[in-house]
Amino acid sequence: MTPEMLQALLGADGSAALAAAAPLAAGDPLAGVEALRRSGYPADLAAAAYGQATLRARAAAKFGPDAARMWFTADGLQQATRPVVADRRARRLAAAGVRTVLDLCCGIGTDALAYARAGLRVTAVDADPGTAAVAAANAESAGLSHLVDVRCADATTVDRAGADAVFCDPARRSGGRRVFDPSAYSPPWDFLLDLTAGTTCLKLGPGIDHALLPPGAEAEWVSVRGEVVEAALWCGPLARVPRRATVLDATGAADLTGDGTREATVGPVRAYLYEPDGAVLRAHLVAELADRIGGTIGEPGVGYLYTDRPAATPFARGYAVDEVLAYSVKRLRAVLRSRGVGVVTIKKRGIALDPDALRRQLKPAGDATATVVVTRIAGTPTALLCTPLPAGGAVGNARPAGTGGG
């Protein structure tokens, strides 16, 4: 996307081309562009309109109906913050007394729009002219351009004086592929660490190594409907606790906090198994979750929790443990066949295996369903036959876990 092409799409012909491209976006790209050209649109405008229509269709999963009036680049859409996460971050900054934000590496502007929706004034900066133009167009489309000033500049050269807080979402993609090494972020990691000396929030990849995090900062991992989408580093007066796991779902938001250094108590398999949300695991807060639900782990470093009673928690998925077996493909196959299990969900932690390969070996057949958890208990490979509990619910009476025969 270039600023010139965006201007063309914003014009009358571009709007018409976009409208014509929308119903074609799910089909073959070459055929779609050719259909637009046959309708009289120039080749470059046809290609740009088709590409934008495709991105808007893809963006609907993240932005809902708003995607139809937004502007995107391919990398910008991939890295864009989900609105529910951006809005929550904006509210936290506003509650901390922030009134002006310098948004470095603003991308297509989704975080800048959230700050503006919260009533904050934003200076949004991106080094790519086309991306900066898209961010400005999104602010205009949302009716927020009076609060968002978009500039095209290198983030490392921008004067940060005057802003109450700095937000930076460094580029973590190159050529459409994710970059996992922080030293390969753009701007580089050293520049980001320099930002942490002030009132700053950094958006990072969820795989960030705890050892890289500066002392005194709050590291927050965020999951949306069970998917860990980002880590955020809150610095200076914005930091409240060492580690936080935030879970966002249809019912709202929940936070679990701690120092991220404790290990949960080890114990045996019990009546219920809880699989912590990925944000809890990433934040190293399994011990804190164990405290909340009265749980223990079966093996040091293996995150499954076991309880005697069901517990209502947004931080884990619960299962009733129906049977416990020493892990053996032959034994597990026999048990599943005796139960008429034809659909099996396989989960594993703390043990090396390929769930798809195991499923083929088990050759399930029948009408029943089951969840098989393969893990380690006190150093021993173990298979647990489980029944999922309702999401977030605590249902049923406590009962002992069964023990399978040899």
Side-chain angles (χ1 to χ4, degrees), residues 52 54-95 101 103-120 122 124 126 131 134-135 137-139 141-142 144 147-148 165 167-173 176-180 185 201-208 218-234 238 244-256 277-283 314-315 391-392:
Q52 194 61 215
T54 301
L55 290 172
R56 285 179 169 181
R58 196 183 305 160
K62 183 180 283 190
F63 294 98
D66 287 346
R69 61 178 175 82
M70 294 178 67
W71 301 92
F72 299 97
T73 66
D75 282 351
L77 172 57
Q78 289 176 324
Q79 192 165 316
T81 306
R82 286 163 174 77
V84 65
V85 179
D87 287 342
R88 191 169 187 273
R89 179 160 40 233
R91 290 194 297 271
R92 178 167 171 176
L93 287 175
V101 180
D103 182 355
L104 300 178
C105 310
C106 69
I108 62 173
T110 52
D111 285 287
L113 296 183
Y115 300 140
R117 285 193 295 268
L120 310 183
V122 189
D126 201 276
T131 303
V134 166
N138 279 329
S141 176
L144 295 168
L147 290 173
V148 181
F167 173 74
C168 186
D169 180 5
R172 301 185 304 280
R173 289 184 178 272
R177 303 182 67 178
R178 289 183 182 177
V179 172
F180 296 97
Y185 286 177
C201 180
L202 302 180
K203 176 183 169 184
L204 305 173
I208 187 71
E218 173 187 326
E220 175 190 29
W221 279 262
V222 182
S223 79
V224 178
R225 299 181 184 273
E227 178 188 359
V228 184
V229 296
E230 68 171 62
L233 201 60
W234 299 87
L238 298 175
R244 183 187 303 271
T246 298
V247 173
L248 305 174
D249 58 25
T251 64
D255 288 0
L256 182 68
D277 184 272
V280 174
L281 295 170
R282 296 276 193 178
F315 299 111

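Scope of the values below: all heavy atoms of this structure, side chains included, with no hydrogens, waters or symmetry mates.
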Trace of the side chain to side chain contact (heavy atoms under 4.5 Å, CB included) decision for Leu144 with Arg117: CA-CA 8 Å; Leu144 295 168; Arg117 285 193 295 268; 3.9 Å; yes

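Annotation: the span from Thr81 atom OG1 to Asp111 atom CG amounts to 3.5 Å, rounded to 0.5 Å. Distance SG/Cys105 to CG/Leu202: 10.0 Å, rounded to 0.5 Å. Remark: Ile208 CD1 to Tyr185 OH distance equals 4.5 Å, nearest 0.5 Å. Distance OG1/Thr110 to CG/Asp169: 7.5 Å, rounded to 0.5 Å. The distance from atom CD of Gln52 to atom OG1 of Thr73, rounded to the nearest 0.5 Å, is 8.5 Å. Rounding to the nearest 0.5 Å places OG1 of Thr131 at 5.0 Å from CG of Asp126.
Gly107 and Ala135 get closest at one heavy-atom pair: O-CB, 3.4 Å. When all heavy atoms of Phe72 and Ala59 are compared, the pair lying nearest together is CZ-CB, 3.4 Å. The heavy-atom pair separating Met70 from Asp66 by the smallest distance is CG-O, 3.1 Å. Residues Ala112 and Val148 approach most closely at O-CG2, 4.1 Å, considering heavy atoms. Minimum interatomic distance between Asp277 and Ser223 (heavy atoms only, all atoms of both residues): OD1-OG, 2.9 Å. For Lys203 against Pro170, the heavy-atom pair with the smallest separation is O-CD, 3.3 Å.
Evaluation of the ring-ring contact (aromatic ring centres under 6.0 Å, His included) rule for Phe315 yields no partner, not counting sequence neighbours.
By the 4.5 Å heavy-atom criterion applied to side chains, Arg244 and Trp234 are not counted as neighbours. At a threshold of 4.5 Å between non-hydrogen side-chain atoms, the residues Trp221 and Leu256 do not count as touching.
Using the six-membered ring where Trp is involved, Phe167 and Tyr115 have ring planes that are perpendicular, over 60° apart on the 30 and 60° scheme.
Comment: Glu230 engages Arg89 in a salt bridge, judged by a side-chain N to carboxylate O separation of less than 4.0 angstrom.
Put simply, the side chain of Arg82 never gets that close to the backbone of Lys62: no donor and acceptor are under 3.5 Å apart.
Residue-environment remark: CZ (Arg225) stays at or below the threshold of 12 foreign heavy atoms within 6.0 Å.
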